[in-house]
Each structure stands twice: as C-alpha cells, then as structure tokens.
Amino acid sequence: MASWDDFLSSLDPETAEQVMQFYQGNLGYGQYTGQYGQSSNPYANINVSAYDHLNAKRNPGDKLYADLVRAQTQDYLQRFAPIENMLAASITPTGTTYIDQDLANTRSAFTGATENVRGQIGRQNQRFGLVNELPQGFENQAVGALVGGINDTYTRDQDRRQALLVGGLGPVAQNVRQTAV
Amino acid sequence: MGGGGGSRYEPASKKALAERAAIALKRYGEVFVPLENQYIADVLRSDSPENYQRAMGRATTQAQGIYEPEVATRQRDLTMRGLNPSSGGYQAGSQALMAAQNRAMGQSGADAGLGVTDQKLMGMQNIVKMGQGLAQDSMEGQIALAENRSQRLRDQIGYDLGDRTAAGQAVGTAVGMAAGYGLNRNNSNPYGGV
C-alpha cells in the first residue's frame with residue numbers, strides 16, 4: 001500500500017522535506033483553527049497595488065496579471081501536483097499499490113468472522129453438553145469463503161486500476177490540448 | 001507613420017480587471033484554501049488503521065445482527081420438533097446457517113475495508129480535479145499573457161518598421177512557438193510521473 005511515508009520516500013530529500021513541511025504546517029488538524037493565517041494562504045503575498053506607480057505604457061495590468069498566474073501555478077504545484085503524483089504512482093501493471101492492504105483486510109475479516117462463529121458454535125454445543133466439535137465441512141466452507149473473498153479483492157483492485165486509468169486523473173490531456181490550441 | 005504608437009498604452013480597464021482578479025484570488029486563499037486543505041488532510045488520513053477497523057467492525061456486526069435472530073429461530077424450531085442437537089439433522093438445519101453467517105460476516109467486513117480504500121482514491125481524484133481547475137486557470141493565464149506579449153510585439157514592430165501586416169505575421173509565428181515551448185515545459189513537471 002502506498003502510504004504517505006512511502007510517497008515521501010519516493011521523492012528526492014529536498015522536495016520531500018518541503019512537501020512534509022507544507023502539509024504538516026497547513027493540513028494538520030491541530031494547525032487548523034479556523035483563523036486563516038498568512039501561512040495557509042498562498043495568495044496572501046499578492047499586492048494589488050504593486051504596479052500602481054507604473055504608467056499605462058509599462059503595462060501595469062499585464063504585470064499584475066502575471067503575478068496572479070505565477071501564484072496560481074505555485075499553488076497548483078505545491079498543493080495539488082503531489083497528490084496527482086501520488087495517485088499516478090498508486091497504479092501498477094496489475095492493479096494498485098493498495099492491494100496488499102486490501103488483502104490483509106480481507107483475510108482479517110474472514111478469519112475474524114470464522115473465529116467468531118466457531119466460538120458461537122462451541123458455546124452452543126457446550127450448553128447442550130456436546131463435545132465442542134464443528135459441523136461437518138465448516139472449515140472447508142470457511143476456507144472457500146476466504147478464497148472467494150481474496151479473489152473478489154483482486155478483481156476489485158483491477159477494476160479500480162481501470163477506473164483510475166480512464167478517468168481518475170482527470171481530463172489532463174484534454175485540458176492541455178484545448179488550452180494549447 | 002507612427003499612428004500605431006497609441007495602441008501600446010495599456011487600457012485602464014485591463015488593470016482594473018487584473019485588480020479584480022487579484023482580490024478574488026486573495027479571497028479564495030483566505031476562505032477556500034484552508035477548507036480545501038482540510039479536505040485534503042481528511043482524504044490523506046482516511047485509510048488509517050482506525051478507519052479500516054471501524055468500518056469493517058461495523059459491517060461485520062451488521063451482518064451478525066441480521067443472521068443471529070434467524071439462527072435462533074431455526075434452532076428453536078428444530079428443538080421443538082424434537083431433534084437432538086447432536087444429530088445430523090440439527091446440524092444441517094442450524095449450524096449450516098451459521099456457516100453462511102460466517103461467510104456473510106467475512107464478506108461484509110472485507111467489502112467495508114475495500115470501501116475505505118475506494119473512498120480514499122475517490123477523494124484523491126476529487127483533489128486532482130480541484131487542482132486541475134487551478135492548473136487550467138493558470139495555463140489559460142499563461143496563454144493570455146503570451147498573446148498579450150504577442151500583441152505588444154506586433155504593435156512595436158509594426159510601429160518600428162512601418163510594414164505591419166508582414167512583420168506582424170512573422171512575429172506571431174515566433175511568439176506562438178515560444179508560447180508552445182513554455183506550455184510544454186510547464187506541463188512536463190506536474191504530469192511527468194503519469
């Protein structure tokens with residue numbers, strides 16, 4: 001599974017440090033107080049009056065507009081591009097990097113349920129004074145259910161990969177083509 | 001000659017529009033960016049072990065809650081009919097249903113776990129879409145800026161050389177190439193990993 005730490009370790013150390021500092025500083029629950037400080041506003045440094053002293057011949061509107069575009073680009077690169085990279089990196093040739101976590105969850109769900117029901121049957125048999133034995137074929141059924149669950153998990157992961165490939169990353173290519181025309 | 005020089009002055013409306021855009025962006029940064037960040041944080045933490053356990057535990061308990069009354073009813077019926085709990089008939093009637101309960105509990109729990117992963121990925125897709133709105137604005141802005149530069153260069157060279165049509169076309173081609181190069185460079189970074 002691609003955890004946040006895995007993602008950070010896939011970046012070069014300098015970028016990883018910047019990304020970590022950014023998210024720790026801006027995304028932590030403890031940091032979010034509802035009071036919006038300078039650090040959480042990527043557009044706080046835009047100075048609307050920065051070019052007021054320029055006359056029209058020196059294109060003050062164009063310069064201010066350029067500042068806005070730069071700020072938007074920076075904001076996009078800082079906050080959203082890492083998530084795009086993370087999502088793209090989660091796609092593998094056969095599914096997604098989340099398969100290991102999902103398989104572990106599936107095994108845990110089925111083995112947990114089997115333990116639960118096995119205990120129930122045992123307690124019930126004890127109440128009747130019977131030897132604590134399971135119904136015929138119970139273990140086989142439990143293993144069969146687990147195998148079915150694992151197969152479902154693989155199938156679901158493959159579906160997820162397809163969904164990510166065909167649309168999960170958004171209409172990136174179309175946007176680029178449209179704006180480049 | 002020299003009549004085109006007046007067009008090199010930027011209209012006041014352009015600066016006013018840029019100021020309005022700047023104010024809107026600052027406001028976006030103050031009001032919406034912290035909310036977006038909070039959403040991003042929620043999504044990134046949505047696949048925590050606690051979230052998986054909570055969702056899977058709830059789903060398993062739900063399946064158990066549906067099967068157990070049926071198992072109890074079936075057992076009561078079998079006992080009333082005089083079947084011995086150690087008999088094959090009793091086991092087939094009662095404990096086979098418990099084996100089905102086992103399967104249902106496992107499937108529900110596993111499905112809930114997969115659902116948590118799905119939710120995280122859907123959340124990440126939403127973040128990507130949010131970011132691409134911003135990227136789209138940014139790219140369009142860069143194209144607009146390139147067009148502005150192109151227009152200024154056309155004006156300038158037309159003014160300087162006097163032959164506006166031919167020179168304008170030549171410069172347009174050159175600036176178009178430059179803008180295309182800039183776009184490709186800009187886009188190669190964020191999507192390089194795709």
Checklist entry - With a 4.5 Å limit on heavy-atom distance, are the side chains of A/L87 and B/I127 in contact? => result no
Checklist entry - Among A/P60, A/A145, A/G149, who wins on heavy-atom pairs under 4.5 Å with chain B? => result A/P60
Next on the checklist: For A/Q162, I'd like to know if atom CD has over 12 heavy atoms of other residues, nucleotides or ligands within 6.0 Å.
Outcome noted: yes
Item to check | Hphob cluster co-occupancy, A/L165 + A/M86, side-chain heavy atoms under 4.5 angstrom | outcome: yes
Checklist entry - Which atom names give the shortest non-hydrogen contact between B/M56 and A/A109, and what distance separates them? => result CE-CB, 3.9 Å
Checklist entry - Should B/M130 and A/L77 be regarded as members of a common hydrophobic cluster, given that ILVMFWY residues are connected when their side-chain heavy atoms come within less than 4.5 Å of each other, either directly or indirectly? => result yes
Checklist entry - Under a 4.5 Å side-chain heavy-atom rule over Ile, Leu, Val, Met, Phe, Trp and Tyr, are A/L54 and B/L17 clustered together? => result no
Checklist entry - Can you tell me how far CG of A/N41 sits from OH of B/Y28, rounded to the nearest 0.5 angstrom? => result 10.0 Å
Item to check | Salt-bridge contact A/D52-B/K15 (side-chain N to carboxylate O under 4.0 Å) | outcome: yes
Checklist entry - Would a hydrophobic clustering, with Ile, Leu, Val, Met, Phe, Trp and Tyr connected at side-chain separations under 4.5 Å, put B/F32 with B/Y39? => result yes
Next on the checklist: Need one label for A/D157: side chain, backbone, both or neither, based on atoms under 4.5 Å from any heavy atom in chain B.
Outcome noted: neither
Checklist entry - Considering only heavy atoms from C-beta outward, does the side chain of B/D47 approach that of A/Q101 to under 4.5 Å? => result no
Item to check | Residue pair B/N102 / A/Q141, side-chain donor-acceptor N/O under 3.5 Å | outcome: no
Checklist entry - Which heavy atom in B/A22 sits nearest to a heavy atom in A/I46, and how many Å separate them? => result CB-CG2, 3.9 Å
Next on the checklist: With side-chain contact (heavy atoms from CB on, under 4.5 Å) as the criterion, how do B/Q64 and A/Q120 come out once you've worked through the C-alpha distance, each side chain's angles and the decisive distance to 0.1 Å?
Outcome noted: CA-CA 11 Å; B/Q64 195 172 14; A/Q120 247 179 302; 4.2 Å; yes
Checklist entry - Any idea which heavy atoms bring A/G61 and B/E10 closest together, and the distance? => result N-OE1, 2.6 Å
Item to check | Rounded distance [0.5 Å steps], CD in B/Q53 versus OG in A/S108 | outcome: 8.0 Å
Checklist entry - Passes side-chain contact (heavy atoms from CB on, under 4.5 Å), B/E36 versus A/F80? Steps please. => result CA-CA 10 Å; B/E36 285 179 355; A/F80 298 103; 3.6 Å; yes
Next on the checklist: As an exercise, state the distance from CG of A/L64 to CD of B/E19, rounded to the nearest 0.5 Å.
Outcome noted: 6.5 Å
Next on the checklist: For A/F110 versus B/A110, what's the shortest heavy-atom pair and its separation?
Outcome noted: CE1-CB, 4.0 Å
Checklist entry - Any link between A/I91 and A/I83 through a network of hydrophobic side chains (Ile, Leu, Val, Met, Phe, Trp, Tyr) touching at under 4.5 Å? => result yes
Item to check | Close contacts, residues 70-83 of chain B versus chain A, judged by heavy atoms under 4.5 Å | outcome: B/Q75
Item to check | Flag if over 12 foreign heavy atoms under 6.0 Å of OH, A/Y154 | outcome: no
Checklist entry - If every non-hydrogen atom of B/M105 is compared with every non-hydrogen atom of A/V117, which pair is closest and at what distance? => result SD-CG2, 4.1 Å
Item to check | side-chain contact (heavy atoms from CB on, under 4.5 Å) evaluation trace for B/Y52 with A/D102 | outcome: CA-CA 10 Å; B/Y52 276 121; A/D102 286 340; 4.2 Å; yes
Item to check | Steps toward side-chain contact (heavy atoms from CB on, under 4.5 Å) verdict (B/M124, A/E84) | outcome: CA-CA 8 Å; B/M124 285 173 72; A/E84 284 180 5; over 6 Å; no
Next on the checklist: Do A/R79 and B/V33 make a side-chain contact, defined as non-hydrogen atoms from C-beta onward lying under 4.5 Å apart?
Outcome noted: yes
Checklist entry - For B/G115 and A/R156, which heavy atoms make the closest approach, and how far apart are they? => result N-NH2, 3.7 Å
Checklist entry - Between B/N84, B/V43, B/D111, which shows the greatest number of heavy-atom pairs under 4.5 Å with chain A? => result B/D111
Checklist entry - Which hydrophobic side chains are connected to B/I23, either touching it within the sub-4.5 Å cutoff or through other members that do? => result A/V48
Checklist outcome for this item: Of the listed A/D152, A/T106, A/T111, the one with the largest count of heavy-atom pairs under 4.5 Å with chain B is A/T106
Item to check | Distance in Å, B/M98 CE paired with A/I121 CD1, rounded so as to fall on 0.5 Å steps | outcome: 4.5 Å
Next on the checklist: Please identify which of these residues, B/V116, B/T117, B/D118, meets the side chain to side chain contact (heavy atoms under 4.5 Å, CB included) condition with A/Y98.
Outcome noted: B/T117
Next on the checklist: Please classify the contact of A/Q124 with chain B as side chain, backbone, both or neither, using a heavy-atom distance under 4.5 Å.
Outcome noted: side chain
